[in-house]
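Notes follow once the structure below has been shown.
Quick caveat: nothing in here was measured; it's all calculated off a predicted structure. For the single chain, residues carry numbers from 1 onward in sequence order.
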Amino acid sequence: MADRVVPPAELRNDVAAILRAAEAGETFLATVRGRPVARLVRRRPRRFVAWGAVVDAMRDSPVDEDWRRS
């Protein structure tokens, strides 16, 4: 998806609408005098997994014997 370019005046005047659109998945490129200075994007929330689940997954995964010998 292409960024929507947002000059300082639009960002200042429409910050609430821009944040709502970013929350909905739109991306913005903030500019100063036509130069890009910042990108506003929505990031997916991090998903944390219990350490025991990681250990179990690694224990059950096959090991590449060629890699083990190196």
Side-chain angles (χ1 to χ4, degrees):
M1 175 192 307
D3 291 335
R4 182 173 137 199
V5 176
V6 182
E10 183 179 352
L11 183 59
R12 181 185 63 245
N13 295 335
D14 296 330
V15 69
I18 290 169
L19 290 175
R20 281 192 301 273
E23 184 178 34
E26 194 172 340
T27 61
F28 295 86
L29 184 63
T31 61
V32 173
R33 296 186 188 113
R35 293 184 334 257
V37 296
R39 180 169 284 134
L40 180 62
V41 298
R42 179 178 180 194
R43 292 185 59 177
R44 286 182 243 148
R46 291 183 179 188
R47 181 174 168 237
F48 292 95
V49 178
W51 181 248
V54 173
V55 171
D56 290 343
M58 295 192 66
R59 185 180 306 120
D60 298 337
S61 298
V63 175
D64 181 349
E65 293 300 328
D66 291 334
W67 178 81
R68 182 181 279 191
R69 284 190 285 265
S70 58

- What distance do E23 atom CD and I18 atom CD1 have between them, rounded to the nearest 0.5 Å?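 Between atom CD of E23 and atom CD1 of I18 there are 14.0 Å.
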- Any chance you could measure R39, atom CZ, to T27, atom OG1, to the nearest 0.5 Å?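 Rounded to the nearest 0.5 Å, the CZ-OG1 separation comes to 7.0 Å.
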Could you state whether [X] and [Y] fall into the same hydrophobic cluster, counting links through intermediate Ile, Leu, Val, Met, Phe, Trp or Tyr residues with side-chain heavy atoms under 4.5 angstrom apart?
X	Y	result
V32	V5	no
V41	L29	no
V6	L19	yes

- Message: Pair D3, F28 - check side-chain contact (heavy atoms from CB on, under 4.5 Å), show working.
- Response: CA-CA 5 Å; D3 291 335; F28 295 86; over 6 Å; no
- Listed by chain and number, what are the side chain to side chain donor-acceptor pair (under 3.5 Å) partners of D56, not counting sequence neighbours?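 Side chain to side chain donor-acceptor pair (under 3.5 Å) list for D56, sorted by chain: R59.
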- Message: Closer than 4.0 angstrom, basic N to acidic O: yes or no for E26 and R4?
- Response: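 The answer is yes: the pair qualifies as a salt bridge.
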- Minimum heavy-atom distance T31-P7, with the two atoms named: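 That closest heavy-atom pairing would be OG1-CA, 3.6 Å.
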